There are 2 protein chains.
Amino acid sequence: MTMSRIAKIAGVSVATVSRALNYPEKVRPELRNRILEIARQYNYVYHAAAADLKRQKSNAIGVLFPTTIGPLFAETLMAIQEKIQEHHMALIVGNTMYSKAEEARLVKQFQERRVAGIIFTGYGLGQENLIRNLMRQNIFCVVTYENLEDTDINYVGFDNFKAAYDATNYLISLRHKRIGLIIGPYRKMGRLLKRFKGYQQALKDHGIQFDAALVVSTEPGLLEGKQAMRQLLHLPEPPSAVFAVSDHLAIGALSSIKQAGFQVPGDISLIGFDGVELAAYCDPPLTTVRVPARDMGRLATEVLMKSINNGVKRAMQYCLDADLIIRKSCSELK
Amino acid sequence: MTMSRIAKIAGVSVATVSRALNYPEKVRPELRNRILEIARQYNYVYHAAAADLKRQKSNAIGVLFPTTIGPLFAETLMAIQEKIQEHHMALIVGNTMYSKAEEARLVKQFQERRVAGIIFTGYGLGQENLIRNLMRQNIFCVVTYENLEDTDINYVGFDNFKAAYDATNYLISLRHKRIGLIIGPYRKMGRLLKRFKGYQQALKDHGIQFDAALVVSTEPGLLEGKQAMRQLLHLPEPPSAVFAVSDHLAIGALSSIKQAGFQVPGDISLIGFDGVELAAYCDPPLTTVRVPARDMGRLATEVLMKSINNGVKRAMQYCLDADLIIRKSCSELK
DNA sequence: TTGTAAGCGTTATCAG
DNA sequence: CTGATAACGCTTACAA
């Protein structure tokens, strides 16, 4: 069933049918209802591709994630979804699996579908140019989880440096001096690099010598956290506190510590990062840094919608707060 | 940039450009390369909507989830993604938030985009007719996480009844008789209902009287698991073992048990459901039922692709295994 | 191997 | 308030 068939049945023109469907107020109520009724009867389904073609844009927006496994990104995705559905738009997602090639493929797919905008989540290093290119093609972009230096790109992030600084600082305030760091592949990811630097800076500001042996960089994941912790435990002089830069890593580390027969926080203090709900249910409940995953998703979507509706304006940039949530996995060094 | 502009520049017809892009072998190599080169130079981007319109179908497929929060669905989604990307198709996702209205909206959106197929994940009760309708409109469907009675609908599920039966049975084999059940809203969800029945049947088969006081139905979630367990703990005669029908529920329950000063499995045996990686990192590591989340995603996508490519055939139905993973959270009743 | 030409179902402009 | 009509960018018989 198409508009023109409906038009024929109703004895009106396609234009009128289109209007009845899209701008109800532009059609005489009686006629409008008759058209709508016929559409319903014949199970008419709007053909989005045809409209997109004519209008030269779609109402779909694309979202790029490294992966949606892991509660953080998943929460952000849900928030995006909700907002997008409010705006009656469609969502195309892609998981890049942290691969540049995959990302390129997905961006191309988005372009082919003429998405109105793209949200980059958990964005890699050095893709500003990709984004500028997209913007030049009238595809609006927002990046989340990062706060960029660039002043021309929309972002909704949080201060990764400060968040890591605060966490490390907290450990230091508890008199810890040998503080281990378990972190993802920070050389490849801007936000991880910033966290790494936050850790270093906190050490420096308190006159603690940075010790490369205390940092282990690994893939994210429970098992990896466990292995990393084991490595730390086997050091000649193991740390008295560990900052695991994701709750998953921390949970893995926790199991490793327990398995080795140590207590948390009695023997080793442990702090996570992300603030997933689960952290509160660990034994002991995990002190962590709460990343505003949901808020970022919401805000990023709003920013995107505004860009789309207002056309090119100057970039909107938001840096949200990431708060330290103190629970029971850290204690003062005796 | 469009095909016809490229055609003009290359001094050929649109048809040739289209062929050069879509069926490279149908164009003389030299000419093809010239066209491709021009396309690249001018940054040509294929217009998927136009093609969809002409072809009367799109290469997008839709996936419906209740929510992607929670590692299980997220894993299935990732598996689907991977497969879909292999087939160079696009993925449109929707979270129904367990709402019929949202689901209807999303299905409509999928139809408007003329998706080639839809994967229903974590499907609610009584939607067979919705699916049959879709099938009548040439939209192929697969449902996952369920094994349907209907013989005309594709599904890739696992035996929810048997999985729950086995878990309960295991507890019984450990001499438990008062076995609590913490379960989601099973009255609304087919697969939960089946698990509930599996639990009941196992009891019955061993001559254990079903006691409604021992089952608490709740929303899924950590907090809910905790509260449900508290409720069970306050029973005049609390259970000696608890079957929590999701690992999240189980982890919540675990924290509740510990908080009340009891030991797992010493005082209370606990078994989860889902088999998320995390369960292995609990203290104690959680015995659970492993749901083949990833395999279901993969297979469901393959089934869908086959349906799409082969046109209407008879339904493909797969029932995968859900295995009991025995770890340390259950012990024999003393 | 390549070209011609007719649409696909909408939207939007312009006229009535 | 309504109608006629020309695109939008692509695919695909069919013809050359």
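The sequence lines fix the lettering, A, B, ..., with proteins before strands; numbering per chain opens at 1. Keep in mind that what you see is a predicted model, and the values were worked out from it rather than measured.
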*Name the nucleic acid region contacted by A/Ala51, choosing base, sugar-phosphate or nothing; use a 4.0 angstrom heavy-atom cut-off, strictly under.*
sugar-phosphate
Tell me the interatomic distance from [X], atom [atom1], to [N], atom [atom2], rounded to whole angstroms.
| X | N | atom1 | atom2 | value |
| --- | --- | --- | --- | --- |
| B/His47 | C/dC8 | NE2 | P | 18 Å |
| A/Met1 | C/dG9 | CE | P | 11 Å |
| B/Glu112 | C/dG9 | CD | C1' | 13 Å |
| B/Lys57 | C/dG9 | NZ | P | 16 Å |
| B/Lys8 | C/dG3 | NZ | P | 13 Å |
| B/Lys54 | C/dG9 | NZ | P | 10 Å |

*Can you tell which of B/Lys188, B/Met189, B/Glu219 makes a side-chain contact (heavy atoms from CB on, under 4.5 Å) with B/Tyr98?*
B/Met189
*Near A/Glu149 CD, under 6.0 Å, is it more than 12 heavy atoms from other residues, nucleotides or ligands?*
no
*asked:* For A/Tyr145 and A/Phe73, I'd like to know if the aromatic rings sit close, meaning centre-to-centre distance below 6.0 Å.
replied: yes
*First and last nucleotide of DNA chain D, 5' to 3', lying under 4.0 Å from heavy atoms of chain A*: D/dC1 to D/dG9
_Heavy-atom donor-acceptor pair, A/Arg32 side chain to A/Pro24 backbone, under 3.5 Å_ = yes
*Do A/Ser13 and A/Thr16 meet the criterion of a side-chain donor-acceptor pair at a distance under 3.5 Å?*
yes
_Modelled atom types, side-chain donor and acceptor of A/Gln85 and B/Gln109, under 3.5 Å_ = no
*Hey, are A/Lys100 and A/Glu103 close enough for a salt bridge, meaning a charged N less than 4.0 Å from a carboxylate O?*
no
*Taking only the side-chain heavy atoms of A/Met3 (C-beta and beyond), determine which of C/dC8, C/dT10, C/dT4 contains the nearest atom.*
C/dT10
*Looking at DNA chain C, which of residues 17-41 of chain A put a heavy atom within less than 4.0 Å of it?*
A/Ser18, A/Asn22, A/Tyr23
_For C/dG9 and A/Thr2 - does any side-chain N or O of the residue sit under 4.0 Å from the phosphate oxygens OP1/OP2?_
no
*Would you say C/dG9 has OP1 or OP2 under 4.0 Å from some side-chain N or O of B/Gln56?*
yes
*Answer whether the closest heavy-atom distance between the side chains of A/Met78 and B/Met97 falls below 4.5 Å.*
yes
_Are the side chains of B/Arg187 and B/Leu193 in contact, using a 4.5 Å heavy-atom criterion?_
no
